[in-house]
Protein chains: 2
Amino acid sequence: MPDQSNSSHPCGNCAFYRDSIWQPVSSSCVSVLSRGFSRRDLIAGQSLYYQDDDNRGVFCVSKGLIALRTQHHDGTSTLMRLAYPGEIIGFRSFLESRPHRTEARALVGSRVCTVAQRDARHVVQGNPSVLTRLASRCIKEIDRNHERIIAAATTSNKQRLSDILLRLMETHGERTGQFLHMQLPLSRSDLADLIGVQTETVSRLFTRIQADGIFRVSGREVQMLSVPSNKKSANM
Amino acid sequence: MPDQSNSSHPCGNCAFYRDSIWQPVSSSCVSVLSRGFSRRDLIAGQSLYYQDDDNRGVFCVSKGLIALRTQHHDGTSTLMRLAYPGEIIGFRSFLESRPHRTEARALVGSRVCTVAQRDARHVVQGNPSVLTRLASRCIKEIDRNHERIIAAATTSNKQRLSDILLRLMETHGERTGQFLHMQLPLSRSDLADLIGVQTETVSRLFTRIQADGIFRVSGREVQMLSVPSNKKSANM
DNA sequence: TTTTGTAATTGACGATCATCAAAATCTTGG
DNA sequence: CCAAGATTTTGATGATCGTCAATTACAAAA
């Protein structure tokens, strides 16, 4: 059963271990969590759940990168959130007992831990502290959204795209000498849906970003000059 | 004490009555809520709390309109939320025991009901259902932010400004024959901070919106053709 | 009423983006 | 390896927005 010191746990980097919402719980619930707990590996492109699916539990990203996307009536869609390892997804649907409003799709090979809905509900019932920690995750989500709203209102598309590259480099980048490089896990279309522009604009933004000399982008291959100082770059 | 049937309660349209987070609670907490409950009238322009203030409780807008605004390091600011009657504000700061991240300023004469922090915390402690309802408000806030993010990515500034006018008309408009009219409770600068453009752009957007023939805007005076069908207008 | 400061509008111009179309590149199955 | 489809890039053009500057409208105080 989940134990902070047990590094052989199948889900090493999930909510059970890092900033967990599930611990501590009453001893009577430990076995319930143990029974209701499962994990699942997703290959790139595979979906954990789809829009309008009924909730099946509370999920935690253990490895990889999950994109949460909502489709609109007019056929377009918006990438609402990128869920990195350690983050919880599906809690809105769980708390409100409503269908998912987003599709959760793995952008790279990923691992997801699940606490089944029935068990999660049972544990929350008997452990108000779990609810408190869940509320705290909601607040975190609100804060993230606020940052995104502020960024959309105050910074340029070019800057926001740079910031996304930077964030991805931190988690997916691999050092090679003076450079960091990675396989970009998002298509141009994904990036467009994330910052709210057209795919052609993303292409052109990459051209302009490369002109600043920090990033080099070619298809899905991204290189970055690994500068020690993480100062914000100017005039964007 | 709060009682759904007591219409002479000082705060007729607040959380105690409509979609309340505070009821039901255990009988032992009723007196705590009664003691910790207070109300306050704000004139237009007055602030309920400022950015970085410590939390003093959970507030509910009873009448009027409250703007929640965050200042940025560069002197600019963003209007994060318009809180209408029945809505709760200050819950993030309360749940996380952190200073407010926004300033709450009344845009028109307003009334706000407060449950003092100590009492709110006591009631939440003994009533998990209150925490559940608070979490539900968090989800609502997340949904609102998602709508805003989607709107920013998929609709034009002109359309978003029209939508804001429409929403304000619903709550502040007064019918005169075939027209609805109101005093616009937001300055051009407020509107600019709300949709993420410059004040000059707001002026020009108003010009273009008027050209469609539904709204007439002159300073703070706004008129709207009261069409029975609330279909979305096209080509924006 | 006049003054005075603030808010709002207008103009001009350059930067950025959407749109449509076409070309180039990448990917995948045969 | 090649072909077909999908993705990405590039080009051209019109619409929209930011910026700076000047003007007009409004409102509070003298």
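Below, chains carry the letters A, B, ... as their sequence lines are ordered, and counting in each starts from 1. Being a predicted model, the structure only gives us computed values, none of them experimental.
- One atom, CG of B:Leu161, and another, C1' of D:dC17, lie 14 Å apart when rounded to the nearest Å.
- Heavy atoms of B:Leu191 sit nowhere under 4.0 angstrom from any nucleic acid atom.
- Between the CG atom of B:Leu186 and the P atom of C:dA7 there is a distance of 14 Å, given to the nearest Å.
- Atom pair B:Glu221:CD and D:dA25:P shows a separation of 17 Å (rounding to whole Å applied).
- Rounded to whole angstrom, the span from the CG atom of A:Asp193 across to the C1' atom of D:dT7 amounts to 14 Å.
- When rounded to the nearest whole Å, the span between NZ of B:Lys158 and C1' of D:dA15 equals 12 Å.
- Considering only side-chain N and O atoms, A:Asn157 lies under 4.0 angstrom from the phosphate OP1 or OP2 of C:dC17.
- At a cut-off of 3.5 angstrom, the base of C:dC20 holds at least one donor-acceptor pair with the side chain of A:Glu200.
- Comparing B:Val217 and A:Thr201, the nucleotide of DNA chain C nearest to each residue sits closer to the 5' end for B:Val217.
- The pair B:Arg144-B:Glu141 meets the salt-bridge criterion, with a side-chain N (NZ, NE, NH1 or NH2) lying under 4.0 Å from an Asp/Glu carboxylate O.
- Taking side-chain N and O atoms only, B:Ser189 has no distance below 4.0 Å to OP1 or OP2 of C:dA7.
- Here A:Arg220 does not reach the OP1 or OP2 of D:dT7: none of its side-chain N or O atoms lies under 4.0 Å away.
- Minimum atom distance to the side chain of B:Gln198 is reached by D:dT19, of the listed D:dT9, C:dT19, D:dT19.
- B:Leu184 comes within contact range of no nucleotide atom at all, as no heavy-atom separation falls under 4.0 Å.
- The separation between A:Arg188 atom CZ and D:dT10 atom P is 10 Å, rounded to whole Å.
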I'd like to know whether A:Arg188 forms a side-chain hydrogen bond (donor to acceptor under 3.5 Å, both in side chains) with A:Thr199, so could you lay out the CA-CA distance, the side-chain angles of the two residues, the decisive distance to 0.1 Å, and finally the verdict.
CA-CA 6 Å; A:Arg188 301 296 190 264; A:Thr199 60; over 6 Å; no
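- Remark: B:Arg216 CZ is loosely packed, at most 12 non-hydrogen atoms of other residues, nucleotides or ligands lying under 6.0 Å away.
- The CZ-P distance, from B:Phe206 to C:dA7, rounds to 16 Å in whole Å.
- Contact annotation: the side chain of B:Asp190 approaches that of B:Leu107 to within less than 4.5 Å [non-hydrogen atoms, C-beta and beyond].
- Within 4.0 Å (heavy atoms only), B:Thr199 reaches no atom of the nucleic acid at all.
- Comparing D:dC17, C:dC17, C:dT10 against the side chain of B:Val197 picks out D:dC17 as the nearest.
- One cannot find a donor-acceptor pair under 3.5 Å joining the base of D:dG18 and the side-chain atoms of B:Arg204.
- Test B:Leu186, B:Leu194, B:Val197 against B:Val202 for side-chain contact (heavy atoms from CB on, under 4.5 Å) and you get one pass: B:Val197.
- For B:Arg208, whose side chain is taken as the heavy atoms from C-beta onward, the closest listed nucleotide among C:dC17, D:dT10, D:dC17 is D:dC17.
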